[in-house]
Amino acid sequence: MTAVDVVIMAAGKGVRMKSRLPKVLHRLAGRALLQHVLGCVETLSARRVVVVTGNGAAQVEAAVAAWRQPGKPGPLFARQEPQLGTGHAVQQAVPLLPDDGTTLILNGDVPLVEPATLQGLLDASAGGRLALLSVEMPDPAGYGRILRTGDAVRAIVEHKDASADERAIREVYTGFMAVPNALLKGWLGRLTNDNAQKEYYLTDIVKMAVEDGAKVVAVKTADKVQVDGVNSPLQLAELERAFQLRQARALMERGVRIADPARFDLRGALEVAQDVEIDINCVFEGKVQLGEGVNVGANCVIANAIIEAGAVIHPFTHIDGEKLGVRIGEGAFVGPFARLRPGAQLGPEVHVGNFVEIKNSTLARGAKANHLAYLGDATVGERVNYGAGSITANYDGANKHRTVIEDDVHIGSNSVLVAPVTIGRGGTVGASSTITKDTPAGALSVARGKQVSIPDWERPKKAPK
Ligand code: UD1
Ligand code: CA
């Protein structure tokens with residue numbers, strides 16, 4: 001087995017993005033372009049991974065360092081300043097590459113390449129050959145063209161250096177190659193910038209290989225999405241759609257019923273059981289699990305949550321568990337227009353209705369908060385009914401305090417529960433009460449101004465003019 005090293009070129013400016021953010025840090029499906037490439041590379045168990053940075057180098061390197069998984073070595077960096085072309089970019093990585101093994105050269109702005117494609121290129125290189133990945137482009141303008149004599153690859157000519165005949169060739173170089181390190185180092189040392197762009201072209205090594213009698217193979221891919229680069233906001237959006245469609249298809253193949261795959265967005269990982277239904281315009285982020293028979297209504301945003309079997313998420317619900325997570329129990333109903341924040345833990349059969357916000361609170365089996373309410377830092381017992389307009393006053397301006405509502409409590413509408421406070425089991429709180437002290441089990445607690453009715457009350461009248 002030949003050792004594999006990887007060089008990812010990420011020094012270019014990305015002028016057409018017209019952004020202050022370095023191009024490779026722009027996001028596709030919630031992750032930076034470069035993060036996608038590194039994720040794919042991870043599957044190869046490469047010996048070394050070198051990222052060539054230049055424009056926004058410090059920002060790119062800091063981002064890469066932040067993505068590193070604990071216990072795993074991160075990539076190495078080679079700075080390319082100034083940027084004198086792709087050949088020059090790889091030259092900067094040479095001191096970090098051993099003399100044996102094969103180097104796979106990738107672009108940081110081509111995010112959707114898949115492991116099997118890279119493996120295919122490595123297999124074609126077979127420890128001794130220069131292997132290129134090519135693709136047929138309906139409009140090849142701007143790309144390097146693959147020149148062949150018969151079947152054999154002879155050279156790559158860049159668009160700006162190509163003759164009219166050469167420009168008619170539709171087979172182009174994708175920017176992916178696998179090259180034995182020893183040969184690569186020799187060829188890079190011989191590059192010149194004697195061309196239309198006065199750049200050191202990596203692609204010039206192909207004719208050197210042919211001159212030296214080394215074997216050159218071009219592997220053609222039929223999957224444009226895998227080799228498409230991002231140069232502009234439009235291309236980013238197009239690639240995002242292509243990727244989302246792929247994810248939606250994969251889920252539908254596993255039985256998920258997605259109302260419209262063109263209106264589905266997954267920016268993370270979605271685990272699904274059988275008979276899950278997802279209506280239009282839903283966004284899933286981070287890690288989300290949907291249990292058997294879960295139904296998600298239109299226009300929901302759901303991040304970092306576990307939703308158990310049979311739960312129904314009605315339209316326009318926003319759920320974000322962030323680091324603490326959100327859990328929704330079996331057969332629960334949430335929404336429409338509900339908001340579940342980190343640490344919301346709903347037991348089975350819980351009902352959470354419209355304009356209800358829940359943060360860092362546990363609701364036990366069968367508890368209901370159906371309208372216009374806030375529960376923060378609360379422990380809510382079984383079968384509790386939490387009235388419309390009620391809130392926990394959990395924050396005293398400095399500290400957060402817990403509210404405990406024991407089993408079978410009924411909280412009347414428009415109540416304020418000033419934490420820390422406990423409402424005893426089976427108790428009732430009269431509507432519009434402000435509860436500041438613990439209440440005994442079974443009691444009716446009322447804390448509001450007594451009602452007064454003044455008979456025959458005449459409202460003030462305007463004085464006649
Ligand atoms: C390059 C290829 C071309 C191929 C095309 C596929 C060369 C000379 N040409 O075109 O044959 O069809 O890719 O997209 O290689 N970069 C650096 N440093 C530099 C220049 C570029 O890191 O000095 C990086 C860019 O950030 C980018 C990648 O290299 O990730 C490719 O550069 P780009 O300018 O997009 O490609 P071209 O040179 O136009
Ligand atoms: Ca260029």
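Start at 1 and go down the list; that is how both ligands and their atoms are numbered.
Salt-bridge annotation for Asp109 and Lys23: present, with a side-chain N of the basic residue lying under 4.0 Å from a carboxylate O of the acidic one. With respect to Asp279 and Arg257, no salt bridge is recorded, no charged nitrogen being found less than 4.0 Å from a carboxylate O. For Lys160 and Glu199, the salt-bridge test fails: no basic side-chain N is under 4.0 Å from an acidic carboxylate O. A salt bridge links Glu61 with Arg79: the closest approach of a Lys/Arg side-chain nitrogen to an acidic carboxylate oxygen falls below 4.0 angstrom.
Taking any N or O of Gln80, backbone or side chain, at least one lies under 3.5 Å from an N or O belonging to ligand 1. Considering backbone and side-chain N/O atoms, Gly12 comes within less than 3.5 Å of an N/O atom of ligand 1. Considering backbone and side-chain atoms alike, Glu158 places an N or O below 3.5 Å from some N or O of ligand 1. Ligand 1 has a nitrogen or oxygen under 3.5 angstrom from a nitrogen or oxygen of Thr86. Between Tyr173 and ligand 1, at least one N/O pair is under 3.5 Å apart.
Using a 4.0 Å cutoff on heavy atoms, Val172 does not count as a contact of ligand 1.
Proximity to Asn107 (heavy-atom distance under 4.0 Å) selects the following atoms of ligand 1: 28 (C), 29 (O), 30 (O), 31 (C). If you number the atoms of ligand 1 from 1 as listed, the ones under 4.0 Å from a heavy atom of Ala89 come out as 17 (C), 18 (N), 22 (O). Here is the list of ligand 1 atoms found below 4.0 Å of a heavy atom in Asp109: 27 (C), 30 (O).
Taking the six-membered ring wherever Trp is involved, the centroid distance between the rings of Phe243 and His36 falls below 6.0 Å.
Considering only non-hydrogen atoms, atom 23 (O) of ligand 1 lies nearest to Gly85 out of Gly229, Gly108, Gly85, Pro82.
At a heavy-atom distance under 4.0 Å, only backbone atoms of Leu84 (N, CA, C or O) approach ligand 1.
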| request: Take Arg339 and Arg341 through the test side-chain contact (heavy atoms from CB on, under 4.5 Å) and record every step on the way to the result. | output: CA-CA 6 Å; Arg339 179 169 185 220; Arg341 292 173 51 205; 3.5 Å; yes

